[in-house]
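Just so you know, residue 1 is the first one in the sequence shown, and it goes up from there.
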Amino acid sequence: MYAELHCHSYYSFHDGASSLEELLVRAKELGYGALALTDHDNLCGAMRFAQLTRSLGMQGITGAEMTLKGGCHLTLLAKDGAGYKNLCRLITAAHNAGERHLPELPPQLLKEHATGLIALSGCRESELAQFLDGARFTEARQLIRQYMEWFGTDNYYLELQQNLVYGDTGRNRKLVELGKEIGVKTVATGNAHYHTRERHQLQDCLVAVRHCKSLEESHRERRANSEFYLRSIAELGELFQQCPEALDNTMEIARRCTLDLT
(Lines give C-alpha, C1' and ligand atoms only; values in the text may rest on other atoms or scores of the structure.)
Protein backbone atom coordinates (compact mmCIF):
# COMPACT_ATOMS: atom_id res chain seq x y z
CA MET A 1 0.00 0.00 0.00
CA TYR A 2 1.09 3.59 -0.63
CA ALA A 3 0.38 7.02 0.84
CA GLU A 4 1.03 10.11 -1.28
CA LEU A 5 2.67 12.60 1.07
CA HIS A 6 3.36 15.50 -1.31
CA CYS A 7 0.31 16.68 -3.24
CA HIS A 8 -0.94 20.08 -4.41
CA SER A 9 -4.53 21.10 -5.06
CA TYR A 10 -5.86 24.25 -6.67
CA TYR A 11 -5.20 25.91 -3.28
CA SER A 12 -1.60 26.04 -4.48
CA PHE A 13 -2.73 29.07 -6.39
CA HIS A 14 -1.66 29.24 -10.05
CA ASP A 15 0.19 25.94 -9.60
CA GLY A 16 -2.11 23.10 -8.54
CA ALA A 17 -4.54 22.09 -11.29
CA SER A 18 -6.98 19.72 -9.58
CA SER A 19 -9.71 20.12 -6.97
CA LEU A 20 -9.69 18.39 -3.61
CA GLU A 21 -12.52 16.15 -4.79
CA GLU A 22 -10.67 15.11 -7.95
CA LEU A 23 -7.49 14.28 -6.05
CA LEU A 24 -9.25 12.26 -3.35
CA VAL A 25 -11.48 10.31 -5.71
CA ARG A 26 -8.49 9.44 -7.89
CA ALA A 27 -6.40 8.41 -4.86
CA LYS A 28 -9.21 6.14 -3.70
CA GLU A 29 -9.51 4.61 -7.19
CA LEU A 30 -5.77 3.89 -7.15
CA GLY A 31 -5.99 2.16 -3.78
CA TYR A 32 -3.88 4.64 -1.82
CA GLY A 33 -3.78 4.16 1.93
CA ALA A 34 -3.70 7.91 2.61
CA LEU A 35 -3.26 11.27 0.92
CA ALA A 36 -1.51 14.36 2.29
CA LEU A 37 -2.45 17.85 1.19
CA THR A 38 0.70 19.97 1.03
CA ASP A 39 -0.26 23.19 -0.71
CA HIS A 40 2.25 26.02 -0.97
CA ASP A 41 2.52 28.07 2.23
CA ASN A 42 -1.14 27.79 3.21
CA LEU A 43 -3.83 25.67 4.84
CA CYS A 44 -6.74 27.15 2.88
CA GLY A 45 -8.10 23.76 1.88
CA ALA A 46 -7.29 21.90 5.10
CA MET A 47 -10.75 21.78 6.71
CA ARG A 48 -12.59 20.97 3.48
CA PHE A 49 -9.99 18.30 2.76
CA ALA A 50 -10.50 16.74 6.20
CA GLN A 51 -14.26 16.69 5.72
CA LEU A 52 -13.96 15.08 2.30
CA THR A 53 -11.53 12.39 3.46
CA ARG A 54 -13.90 11.45 6.27
CA SER A 55 -16.87 11.24 3.90
CA LEU A 56 -14.87 9.03 1.52
CA GLY A 57 -13.52 6.80 4.27
CA MET A 58 -9.91 7.78 3.53
CA GLN A 59 -7.11 9.03 5.71
CA GLY A 60 -6.19 12.62 5.03
CA ILE A 61 -2.94 14.15 6.28
CA THR A 62 -2.62 17.89 6.87
CA GLY A 63 0.59 19.51 5.69
CA ALA A 64 2.18 22.26 3.65
CA GLU A 65 5.13 22.83 1.37
CA MET A 66 6.93 25.73 2.99
CA THR A 67 9.04 28.28 1.17
CA LEU A 68 12.13 29.09 3.21
CA LYS A 69 14.14 32.29 3.09
CA GLY A 70 15.96 32.29 -0.24
CA GLY A 71 13.22 30.36 -2.04
CA CYS A 72 14.04 26.77 -1.06
CA HIS A 73 11.21 24.33 -0.28
CA LEU A 74 10.55 22.01 2.67
CA THR A 75 7.61 19.61 3.18
CA LEU A 76 5.96 19.56 6.62
CA LEU A 77 3.26 17.16 7.86
CA ALA A 78 1.25 17.54 11.07
CA LYS A 79 1.21 14.43 13.24
CA ASP A 80 -1.21 15.76 15.86
CA GLY A 81 -2.82 18.87 17.30
CA ALA A 82 0.49 20.28 18.51
CA GLY A 83 1.93 19.84 15.03
CA TYR A 84 -1.05 21.59 13.46
CA LYS A 85 -0.63 24.56 15.81
CA ASN A 86 3.06 24.80 14.98
CA LEU A 87 2.36 24.51 11.26
CA CYS A 88 -0.10 27.41 11.54
CA ARG A 89 2.51 29.47 13.39
CA LEU A 90 5.16 28.76 10.77
CA ILE A 91 2.86 29.68 7.89
CA THR A 92 1.93 32.94 9.62
CA ALA A 93 5.61 33.71 10.23
CA ALA A 94 6.42 33.03 6.57
CA HIS A 95 3.77 35.50 5.39
CA ASN A 96 4.91 38.10 7.91
CA ALA A 97 8.56 37.76 6.90
CA GLY A 98 8.09 37.73 3.12
CA GLU A 99 6.80 40.28 0.69
CA ARG A 100 3.14 40.31 -0.36
CA HIS A 101 2.27 37.02 -2.11
CA LEU A 102 5.87 35.83 -1.58
CA PRO A 103 6.03 34.18 1.86
CA GLU A 104 9.48 33.14 3.06
CA LEU A 105 10.06 31.39 6.38
CA PRO A 106 13.29 32.14 8.30
CA PRO A 107 14.70 28.60 8.78
CA GLN A 108 15.73 29.23 12.39
CA LEU A 109 12.03 29.33 13.36
CA LEU A 110 11.73 25.64 12.49
CA LYS A 111 13.71 24.71 15.60
CA GLU A 112 11.24 26.56 17.84
CA HIS A 113 8.14 25.03 16.23
CA ALA A 114 9.16 21.45 15.35
CA THR A 115 7.03 19.65 17.94
CA GLY A 116 4.35 17.47 16.38
CA LEU A 117 5.71 17.85 12.84
CA ILE A 118 7.35 15.43 10.41
CA ALA A 119 9.73 17.08 7.96
CA LEU A 120 10.50 15.70 4.50
CA SER A 121 13.62 17.11 2.88
CA GLY A 122 11.70 18.53 -0.08
CA CYS A 123 11.55 18.53 -3.87
CA ARG A 124 14.24 19.48 -6.38
CA GLU A 125 13.76 23.07 -5.19
CA SER A 126 14.89 22.18 -1.67
CA GLU A 127 18.17 23.35 -0.21
CA LEU A 128 19.35 19.76 0.16
CA ALA A 129 18.64 18.97 -3.50
CA GLN A 130 20.53 22.06 -4.59
CA PHE A 131 23.53 21.07 -2.48
CA LEU A 132 23.53 17.59 -4.04
CA ASP A 133 23.06 18.89 -7.59
CA GLY A 134 26.05 21.16 -6.99
CA ALA A 135 28.16 18.33 -5.53
CA ARG A 136 28.33 20.20 -2.19
CA PHE A 137 28.24 17.04 -0.13
CA THR A 138 29.78 18.42 3.06
CA GLU A 139 27.10 21.09 3.26
CA ALA A 140 24.43 18.48 2.47
CA ARG A 141 25.58 16.33 5.40
CA GLN A 142 25.58 19.35 7.72
CA LEU A 143 22.07 20.30 6.65
CA ILE A 144 20.73 16.78 7.22
CA ARG A 145 22.22 16.67 10.72
CA GLN A 146 20.78 20.11 11.48
CA TYR A 147 17.26 18.98 10.59
CA MET A 148 17.74 15.75 12.54
CA GLU A 149 18.64 17.85 15.58
CA TRP A 150 15.66 20.19 15.14
CA PHE A 151 12.94 17.61 14.40
CA GLY A 152 14.45 14.45 15.87
CA THR A 153 15.85 11.50 13.96
CA ASP A 154 12.45 9.79 13.75
CA ASN A 155 10.73 12.88 12.35
CA TYR A 156 13.00 13.72 9.42
CA TYR A 157 13.01 11.80 6.12
CA LEU A 158 14.93 12.22 2.88
CA GLU A 159 12.37 12.76 0.12
CA LEU A 160 12.85 10.80 -3.10
CA GLN A 161 10.98 12.02 -6.19
CA GLN A 162 11.06 10.44 -9.64
CA ASN A 163 9.16 12.54 -12.17
CA LEU A 164 11.46 11.48 -15.03
CA VAL A 165 13.14 14.88 -15.06
CA TYR A 166 16.85 15.11 -15.80
CA GLY A 167 18.75 14.77 -12.53
CA ASP A 168 16.09 12.88 -10.55
CA THR A 169 17.80 9.47 -10.76
CA GLY A 170 21.24 10.71 -9.75
CA ARG A 171 19.84 12.84 -6.93
CA ASN A 172 17.85 9.92 -5.54
CA ARG A 173 20.93 7.72 -5.61
CA LYS A 174 22.88 10.30 -3.59
CA LEU A 175 20.02 10.70 -1.11
CA VAL A 176 19.86 6.95 -0.53
CA GLU A 177 23.63 6.84 0.01
CA LEU A 178 23.54 9.74 2.47
CA GLY A 179 20.59 8.21 4.28
CA LYS A 180 22.47 4.99 4.87
CA GLU A 181 25.63 6.85 5.87
CA ILE A 182 23.99 9.20 8.37
CA GLY A 183 21.11 7.01 9.50
CA VAL A 184 18.09 8.76 7.99
CA LYS A 185 15.17 6.99 6.35
CA THR A 186 14.03 7.76 2.82
CA VAL A 187 10.46 8.22 1.63
CA ALA A 188 9.00 8.30 -1.88
CA THR A 189 6.68 11.14 -2.91
CA GLY A 190 5.10 12.15 -6.20
CA ASN A 191 5.03 15.96 -5.97
CA ALA A 192 1.61 15.69 -7.62
CA HIS A 193 0.14 18.88 -9.06
CA TYR A 194 -2.86 17.28 -10.82
CA HIS A 195 -4.83 14.06 -10.46
CA THR A 196 -4.39 12.70 -14.02
CA ARG A 197 -1.76 13.23 -16.68
CA GLU A 198 -4.18 15.03 -19.01
CA ARG A 199 -4.60 17.86 -16.51
CA HIS A 200 -1.00 19.00 -17.08
CA GLN A 201 -2.23 21.28 -19.87
CA LEU A 202 -4.25 23.32 -17.40
CA GLN A 203 -1.30 23.40 -15.02
CA ASP A 204 0.87 24.85 -17.81
CA CYS A 205 -1.71 27.57 -18.36
CA LEU A 206 -1.88 28.42 -14.67
CA VAL A 207 1.89 28.81 -14.46
CA ALA A 208 1.88 31.03 -17.55
CA VAL A 209 -0.81 33.23 -15.98
CA ARG A 210 1.17 33.47 -12.74
CA HIS A 211 4.16 34.83 -14.64
CA CYS A 212 2.02 37.03 -16.93
CA LYS A 213 3.41 35.28 -20.00
CA SER A 214 2.05 33.31 -22.93
CA LEU A 215 2.51 29.54 -23.04
CA GLU A 216 5.34 29.97 -25.55
CA GLU A 217 7.07 32.58 -23.40
CA SER A 218 6.75 30.60 -20.15
CA HIS A 219 8.63 27.50 -21.27
CA ARG A 220 11.34 27.91 -18.61
CA GLU A 221 8.82 28.48 -15.81
CA ARG A 222 6.58 25.52 -16.66
CA ARG A 223 7.27 21.99 -15.47
CA ALA A 224 9.57 19.89 -17.57
CA ASN A 225 6.97 17.25 -18.48
CA SER A 226 3.53 15.83 -17.71
CA GLU A 227 4.68 13.36 -15.04
CA PHE A 228 3.43 15.19 -11.93
CA TYR A 229 0.20 13.21 -11.51
CA LEU A 230 -1.11 10.58 -9.07
CA ARG A 231 0.48 7.33 -10.26
CA SER A 232 -0.72 3.78 -9.90
CA ILE A 233 0.95 1.69 -7.22
CA ALA A 234 2.37 -0.54 -9.98
CA GLU A 235 4.01 2.47 -11.66
CA LEU A 236 5.46 3.59 -8.34
CA GLY A 237 6.85 0.12 -7.74
CA GLU A 238 8.73 0.28 -11.04
CA LEU A 239 10.05 3.79 -10.46
CA PHE A 240 11.35 2.97 -6.98
CA GLN A 241 12.34 -0.66 -7.48
CA GLN A 242 15.88 0.13 -6.33
CA CYS A 243 14.56 1.49 -3.03
CA PRO A 244 11.30 -0.30 -2.06
CA GLU A 245 11.66 0.76 1.58
CA ALA A 246 10.99 4.34 0.46
CA LEU A 247 7.50 3.22 -0.59
CA ASP A 248 6.94 1.27 2.65
CA ASN A 249 7.89 4.34 4.66
CA THR A 250 5.00 6.32 3.17
CA MET A 251 2.58 4.18 5.17
CA GLU A 252 4.83 4.29 8.23
CA ILE A 253 4.50 8.08 8.21
CA ALA A 254 0.76 7.91 7.50
CA ARG A 255 0.19 5.71 10.55
CA ARG A 256 1.95 8.30 12.71
CA CYS A 257 -0.22 11.17 11.48
CA THR A 258 -3.33 10.93 13.65
CA LEU A 259 -4.65 14.49 13.35
CA ASP A 260 -8.33 14.75 12.37
CA LEU A 261 -9.42 18.37 11.90
CA THR A 262 -13.10 17.40 11.80
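Take His40 and apply the side-chain hydrogen bond (donor to acceptor under 3.5 Å, both in side chains) test, not counting sequence neighbours, and it matches Asp15, Glu65. Under the side-chain hydrogen bond (donor to acceptor under 3.5 Å, both in side chains) criterion, His195 pairs with Ser18, not counting sequence neighbours. Annotation: side-chain hydrogen bond (donor to acceptor under 3.5 Å, both in side chains) contacts of Arg197 (sequence neighbours excluded): Ser226, Glu227, Tyr229. Legend: residues meeting side-chain contact (heavy atoms from CB on, under 4.5 Å) with Val165, ordered by chain and number and at least two apart, are Arg124, Asn163, Asp168, Ala224, Asn225, Phe228. Every residue was checked against the side-chain hydrogen bond (donor to acceptor under 3.5 Å, both in side chains) condition with Glu127, not counting sequence neighbours, and none meets it. Annotation: side-chain contact (heavy atoms from CB on, under 4.5 Å) contacts of Leu206 (sequence neighbours excluded): His14, Ala17, Leu202. Scanning for side-chain contact (heavy atoms from CB on, under 4.5 Å) contacts around Glu245 gives Thr186, Cys243, with sequence neighbours left out. Applying the ring-ring contact (aromatic ring centres under 6.0 Å, His included) criterion to Tyr2, with sequence neighbours excluded, gives Tyr32.
Applying the ring-ring contact (aromatic ring centres under 6.0 Å, His included) rule to pairs touching residues 241-262 yields nothing, sequence neighbours excluded. The side chain to side chain donor-acceptor pair (under 3.5 Å) analysis of residues 140-149, with sequence neighbours excluded, yields the pairs Arg141-Glu181.
In this structure, Tyr157 belongs to a hydrophobic cluster whose other members, linked by side-chain heavy atoms under 4.5 Å apart, are Leu5, Ile61, Leu77, Ile118, Leu120, Val187, Ile253. With a 4.5 Å cut-off between side-chain heavy atoms of Ile, Leu, Val, Met, Phe, Trp and Tyr, the cluster of Leu215 takes in none.
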